[in-house]
Amino acid sequence: MKRMELRRCKEFSRAKWRRRRRRWTGDSGDRGSRSVRTKVKKLQRLIPGAKGLKPDRLFLRTADYILQLRLQVNMLQALSKIYGPSH
């Protein structure tokens, strides 16, 4: 029974991958620009204060945000080393 389920799972994932691959490889002009626009809109929702920014400014804001997040992670790691339980 488990072997049958495993086979179905593999077949499903292959079919899903094929569909996904087909969708992204077809590069017709309008279709490609539409996907870029949707990705830009998603990025605008992820980055605080980026709603309505043009893509060039959005990418700069994204880079700044990534740096800010890295600094926060480094700071939290340093604080956890200082105040964390002693080994």
Side-chain angles (χ1 to χ4, degrees):
M1 191 70 164
K2 283 191 175 196
R3 187 177 280 178
M4 187 78 142
E5 289 175 17
L6 184 63
R7 187 181 305 155
R8 281 185 189 161
C9 187
K10 284 182 181 179
E11 288 171 4
F12 176 73
S13 65
R14 280 190 203 132
K16 190 174 179 182
W17 173 250
R18 275 190 229 119
R19 276 193 306 258
R20 188 177 292 156
R21 214 167 95 205
R22 246 185 268 137
R23 182 175 10 144
W24 292 109
T25 57
D27 225 346
S28 62
D30 184 41
R31 187 176 183 184
S33 65
R34 200 174 341 145
S35 72
V36 169
R37 270 181 284 180
T38 57
K39 289 176 184 178
V40 166
K41 286 186 181 191
K42 285 181 184 178
L43 188 59
Q44 286 175 335
R45 280 183 272 164
L46 283 173
I47 307 300
K51 206 173 243 183
L53 286 179
K54 292 182 181 179
D56 57 336
R57 303 299 279 159
L58 174 65
F59 296 141
L60 289 173
R61 177 76 55 98
T62 303
D64 288 341
Y65 187 61
I66 291 170
L67 281 174
Q68 181 185 8
L69 290 175
R70 280 188 184 165
L71 286 172
Q72 286 180 3
V73 167
N74 290 341
M75 181 66 74
L76 289 171
Q77 286 174 338
L79 288 172
S80 71
K81 285 180 183 177
I82 294 170
Y83 294 109
S86 46
H87 298 280

Under the side chain to side chain contact (heavy atoms under 4.5 Å, CB included) test, residues paired with Leu46 that sit two or more places apart: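 Per chain and number, Leu46 pairs via side chain to side chain contact (heavy atoms under 4.5 Å, CB included) with no residue.
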Path from Tyr65 to Leu71 over hydrophobic side-chain contacts below 4.5 Å: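 Shared cluster, no.
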Under 3.5 Å, which donor-acceptor pairs do the side chains of residues 52-62 form with other protein atoms, sequence neighbours left out?
residue	atom	partner	partner atom	Å
Arg61	NH1	Gly49	O	2.8
Thr62	OG1	Leu58	O	2.7

Let me check something: any side-chain donor-acceptor pairs from residues 74-81 under 3.5 Å, sequence neighbours excluded? List them with distances.
residue	atom	partner	partner atom	Å
Asn74	ND2	Arg70	O	3.4
Ser80	OG	Leu76	O	3.4
Ser80	OG	Gln77	O	2.8

